[in-house]
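Computed from a prediction, not measured in an experiment: that's the story for all the values here. We use all heavy atoms of the structure for the numbers below, so side chains are in, but hydrogens, waters and symmetry mates are not.
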Amino acid sequence: MAPQDGRTSIFIDSHAHLADPAFTGDRDAVISRARDAGAQAIVCIGESLATAAIAAQYAADNPRFVFATAGIHPHDAAKFEASRDIPKLRELIRGSAVAVGECGLDYHYDNSPREAQRAAFSAQIALAAEVGKPVVVHTRDAEDDTRSIIHDAETAGVTGVLHCYTGSHNLAEVVLRAGWYVSFSGIVTFKKWTDDALLRLVPQDRLLVESDSPYLAPVPFRGKRNEPAWVPHTLSRVATARGEDPLDLGRTTARNAQRLFGLAFEAA
C-alpha cells in the first residue's frame, strides 16, 4: 500500500556527500527534492575534518533530517596524525555526528601508503569504541586487511556498515556475522552489475541503500551528478533482485539505518 500522502517510495539515504563542492549551487534544493522523493533522512558523510565540520552545519540547519558523520578517508591517510586528528574527530562526534567515517582501506587507488591506511582505520575503530558510535567503512581491493580490522572492531564492540558494497560474498558474510550492515549504491543498476546473489545474501534487517552522491548516479541518470532523490531507483533494483516490494523494503532499510545510526526522527 502506498503512503497516504501519495509518495511511492520511503527510504533513508545512508551515505551522501552533501558537503561536496558539486552541491554548492543548489544544496537546499537537493535536500528538498530528497524529501519530495520520500527520503526520511540523509546521512551526510564527513570524510575529512573539513567536510565533517560542513556536514555538522548542514545537520544543524536541517534538524531531524540531515545527520552528519566525521572521519578520515583512506585516500587521505598519508596526512593523518592520530595525536592531532583524533581529538578533532572526537569533538565533532561528541557534538552531533552519528558515526565515525568514512574510513577504511582502498588498495585499488593506493592514494596513501597501505600502512598509513591501516593505521588511520584502526585509530578510528578505537575512537568508535571509545565514543560508542558505529563506523562507515570504505573498502576496495583490500579484503584480507579489512577482514582483520573488522575482527578487531567486533572484539571492541564496534559495529558499522560496509558502504557502496561490491566485494565478495565471503567478506559480506564476515561482517554480517559480526553484526554489521551492508549498503548498496547505484552501481547495482549498471549494466555491468552481475551479482544479484549478493543482493539476496544480505538479510533484510542488515540491508541499507545509499546514493554515494554526487557519485554513481543510478540508471537512468548514469553520468549525471547524483543526488539523494534518486535512491528509489537503487532501492527498486535491489527489491527486484530479492523478489520484494520496493515500498516495504524501503521502510525496512529506513528502520535499519535508524537503528544503526541512532537517528532521532519518526520513520514512516
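- For P228, the side-chain contact (heavy atoms from CB on, under 4.5 Å) criterion is met by D13, A16, L18, V30, A34, I42, S211, S213, not counting sequence neighbours.
- Taking 4.5 Å as the limit, every side-chain heavy atom of H163 sits out of range of all side-chain heavy atoms of V137.
- At a threshold of 4.5 Å between side-chain heavy atoms, the hydrophobic network of Ile, Leu, Val, Met, Phe, Trp and Tyr places F261 and V209 in two separate groups.
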When the side chains of residues 172-185 are checked against the rest of the protein, which donor-acceptor pairs come out under 3.5 Å, sequence neighbours left out?
residue	atom	partner	partner atom	Å
W180	NE1	V158	O	3.2
Y181	OH	R259	NE	3.0
S183	OG	S14	OG	3.3
S183	OG	E210	OE1	2.8
S185	OG	I187	N	3.3

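- Distance alone, capped at 3.5 Å, is enough to place a donor-acceptor pair between the R225 side chain and the A22 backbone.
- Of the N and O atoms on the side chains of Q258 and Q40, not one donor lies less than 3.5 Å from an acceptor on the other residue.
- Residue pairs meeting the side-chain hydrogen bond (donor to acceptor under 3.5 Å, both in side chains) criterion with at least one partner in residues 151-160, sequence neighbours excluded, do not occur; the list is empty.
- When all heavy atoms of A217 and F190 are compared, the closest pair comes out as O-CE2, 3.3 Å.
- Looking at residues two or more places apart in sequence or on another chain, you find no ring-ring contact (aromatic ring centres under 6.0 Å, His included) involving Y107.
- Checking side-chain atoms of R242 against main-chain N and O of L199 turns up a donor-acceptor pair under 3.5 Å.
- Between the side chain of Q124 and the main chain of A120, a donor-acceptor pair closer than 3.5 Å is present.
- In the hydrophobic cluster analysis, where Ile, Leu, Val, Met, Phe, Trp and Tyr join through side-chain heavy atoms closer than 4.5 angstrom, V202 is grouped together with I150.
- Using bins of under 30°, 30° to 60° and over 60° for the plane-to-plane angle, the ring pair F221/H233 lands in the perpendicular bin.
- Between D36 and R33, no side-chain nitrogen of the basic residue sits less than 4.0 Å from a carboxylate oxygen of the acidic one, so the salt-bridge criterion is not met.
- Applying the side-chain contact (heavy atoms from CB on, under 4.5 Å) criterion to P113, with sequence neighbours excluded, gives A78, A116.
- Residues in residues 192-203 take part in these side-chain hydrogen bond (donor to acceptor under 3.5 Å, both in side chains) pairs, two or more places apart or across chains: H169-D195, W193-D196, D196-R237.
- Side chain of E143 to backbone of S168: a donor-acceptor contact under 3.5 angstrom is found.
- No donor-acceptor pair closer than 3.5 Å links the side chain of N62 to the backbone N or O of F65.
- In this structure, the side chain of N226 does not engage the main chain of P214 through any donor-acceptor pair within 3.5 Å.
- The number of heavy atoms from other shown groups lying within 6.0 Å of CD (E91) does not exceed 12.
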Q) Can you check salt bridge (charged side-chain N to carboxylate O under 4.0 Å, His left out) on E130 and R94, steps first, answer last? A) CA-CA 11 Å; E130 174 194 332; R94 286 180 171 167; 3.1 Å; yes
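- When only modelled atom types and interatomic distance are considered, Y109 and D141 share no side-chain donor-acceptor pair under 3.5 Å.
- A side-chain donor-acceptor contact under 3.5 Å links D85 to the backbone of E81.
- Using bins of under 30°, 30° to 60° and over 60° for the plane-to-plane angle, the ring pair H15/H17 lands in the perpendicular bin.
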